[in-house]
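I have placed the structure first, in the form of structure tokens, so that the comments after it can refer back to it.
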There are 2 protein chains.
Amino acid sequence: MAAKKPRKTRKERIIEVAERLFAKRGYDGVSLRQITREAGVDVALVKYYFGSKQGLFDALLKRRADILNRERSEALDRVLERSNPAPVEDIIDAFTHPILNEIVGEDDTWRHYFGLLAQINNNPEWGGMTMSRYFDPLVRRFIDALRDALPDADEVDIYWCYHFLSGALTLTFADTKRIDALSNGLCHSSDFESVHKRMVPFITAGFKAICEGESRPPWRAKENT
Amino acid sequence: MAAKKPRKTRKERIIEVAERLFAKRGYDGVSLRQITREAGVDVALVKYYFGSKQGLFDALLKRRADILNRERSEALDRVLERSNPAPVEDIIDAFTHPILNEIVGEDDTWRHYFGLLAQINNNPEWGGMTMSRYFDPLVRRFIDALRDALPDADEVDIYWCYHFLSGALTLTFADTKRIDALSNGLCHSSDFESVHKRMVPFITAGFKAICEGESRPPWRAKENT
DNA sequence: GTCTATAGCTTGATAGAC
DNA sequence: GTCTATCAAGCTATAGAC
């Protein structure tokens, strides 16, 4: 059918195979030899291009983090241009929609990256630090926008709500097929559009329930009397 | 100080050290030699008691799954005895509260187990299957209760909302310290009580927004006209 | 039940030829 | 840039002594 794509460089091949394998089996579940064998290159090239296994891992994380951070930041810009403070729903959408766009786009390698992020986000040893390093500067922009959108919110509440968003989002893109089994085939974990259109109002409702002034949550009742 | 606890059996020591190390570094990040060295026993005992590394892993997963499933099931029984259909909030609480109880109880080894579950839940290769095996029979009981509590809900919506709950819950118990950095020390990922009291109303509001008849979500508008 | 000893393999890294 | 060759270390699993 389509003409053969131009052959990628060895460096690119290494990084793409590594991304796919790390996403599937985790950092410790993959060896450099498996990566280089599938990429059709020699093991020694990993040292040449990336210094070490860890260096390869960091390079591949940073590569798409830079792209994603820019896309999310621009999405937030557009929302804030339209209205500032912006509706909570629009802010959440600006955070999640760029992921959806990439994952359903032509380049199906993005889903490997998000699967990897899901594992990192839930890694107790170095996951928190790693996520913070690559994404917290951007997340702070979203937190600021949410603070403006929810002026009566307690700062702590906003952080926890973001945490719930982060958990729901990364599990979604982990694409574990669990929901397929649980729902007897009614839902598919790879049906990212179905889940996204539910996730945004779900999370928005959660934020409003916890952070909006009108309905003070139960645990704050005592403080306010 | 307190008197020395009675010495545990070697089998118990293996399983407890394995649980802690697997939780910290994942299945592939830990070797049998590290486990048995820390437990002060010989490697060969793993084969004797559990057959293999995988057998040890399965045994340690099942051990606490049985306990947790019983506690959650009893919590749901109590809620349904009080009122059936039960309030959504009470059903969510019955699902999450037993975890909180264990994690803040005296036996601080439970938090290792939940940290491990967080990683499994987000593992794309075998995580979905593993979670389903140990927990789906119980989860179906909760789904049933939620269906009764939300009679206008589309079945698919309930599954997806459960999925969001699952993601938020497991990230919480992954305890990655990311929220500590993001919030500049305002929140602590190990402050499970703070997060739990926010998580239940957050998730409840999400369920209601997506599944309750009064406010049909936007994507169903077209189907209903 | 517990240990010694070891088979058989794989790992990440790297020195050095080309 | 790329490859060959190799190192030292680690791995799971297991046979067999006690």
Side-chain angles (χ1 to χ4, degrees), chain A residues 5-63 112 116 119-120 123 125-127 129-130, chain B residues 4-63 112 116 119-120 123-127 129-130:
Chain A
K5 282 176 216 154
R7 208 168 155 71
K8 304 215 165 114
T9 67
R10 280 154 211 261
K11 188 178 176 184
E12 284 167 340
R13 293 219 302 282
I14 292 171
I15 224 169
E16 284 184 11
V17 172
E19 190 171 59
R20 178 163 49 78
L21 294 184
F22 283 145
K24 207 192 284 188
R25 297 203 279 275
Y27 182 81
D28 293 305
V30 184
S31 73
L32 292 181
R33 303 183 124 88
Q34 291 171 314
I35 293 167
T36 51
R37 196 185 314 131
E38 282 206 33
V41 305
D42 192 273
V43 234
L45 286 189
V46 171
K47 181 179 166 61
Y48 179 74
Y49 283 118
F50 305 102
S52 66
K53 184 182 184 183
Q54 187 65 53
L56 167 58
F57 190 76
D58 292 342
L60 121 204
L61 272 191
K62 178 163 168 42
R63 185 177 67 135
H112 303 145
L116 182 54
Q119 292 175 74
I120 294 171
N123 178 304
E125 186 153 66
W126 42 268
M129 197 194 67
T130 305
Chain B
K4 254 187 192 164
K5 283 178 215 151
R7 207 168 157 74
K8 303 213 166 112
T9 67
R10 278 153 212 261
K11 188 178 176 185
E12 285 168 338
R13 293 217 303 280
I14 292 172
I15 224 170
E16 285 184 9
V17 171
E19 189 170 60
R20 178 163 49 79
L21 293 184
F22 282 144
K24 207 193 282 189
R25 298 203 278 274
Y27 182 81
D28 292 305
V30 184
S31 73
L32 291 182
R33 302 186 119 86
Q34 290 171 316
I35 293 167
T36 51
R37 197 185 312 129
E38 282 207 31
V41 305
D42 191 274
V43 236
L45 285 189
V46 171
K47 180 176 167 60
Y48 179 73
Y49 283 117
F50 305 101
S52 66
K53 184 182 183 182
Q54 188 66 53
L56 167 58
F57 190 74
D58 292 342
L60 123 204
L61 272 191
K62 178 161 167 41
R63 185 177 67 137
H112 304 144
L116 182 55
Q119 291 174 76
I120 294 171
N123 178 304
E125 186 152 68
W126 43 268
M129 198 195 67
T130 304

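Note: hydrogens, waters and symmetry copies are ignored here, and every other heavy atom, side chains too, is used. Below, chain A is the first sequence line, B the second, and so on; all start at residue 1.
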Problem set entry | Interatomic distance, A:E12 CD vs D:dG1 C1' [rounded to whole Å] |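 Result: 15 Å.
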For this session: Could I get the full list of side-chain contact (heavy atoms from CB on, under 4.5 Å) partners for B:T36, not counting sequence neighbours?
Result: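 Expected list: B:V41, B:V43, B:V46.
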Check for a donor-acceptor pair, side chain of [X] on one end and backbone N or O of [Y] on the other, with a separation under 3.5 Å.
X     : Y      : answer
B:R20 : B:H112 : no
A:Y27 : A:Q54  : yes
B:K24 : B:V30  : no

Problem set entry | Spatial distance of atom CG (A:L32) from atom CG (A:D42) [nearest 0.5 Å] |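 A:L32 atom CG to A:D42 atom CG measures 11.0 Å (nearest 0.5 Å).
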Problem set entry | Protein proximity profile, nucleotides 2-13 of chain C - base contact B, sugar-phosphate-only contact S, no contact -, cut-off 4.0 Å on heavy atoms | BBB-B----BBB
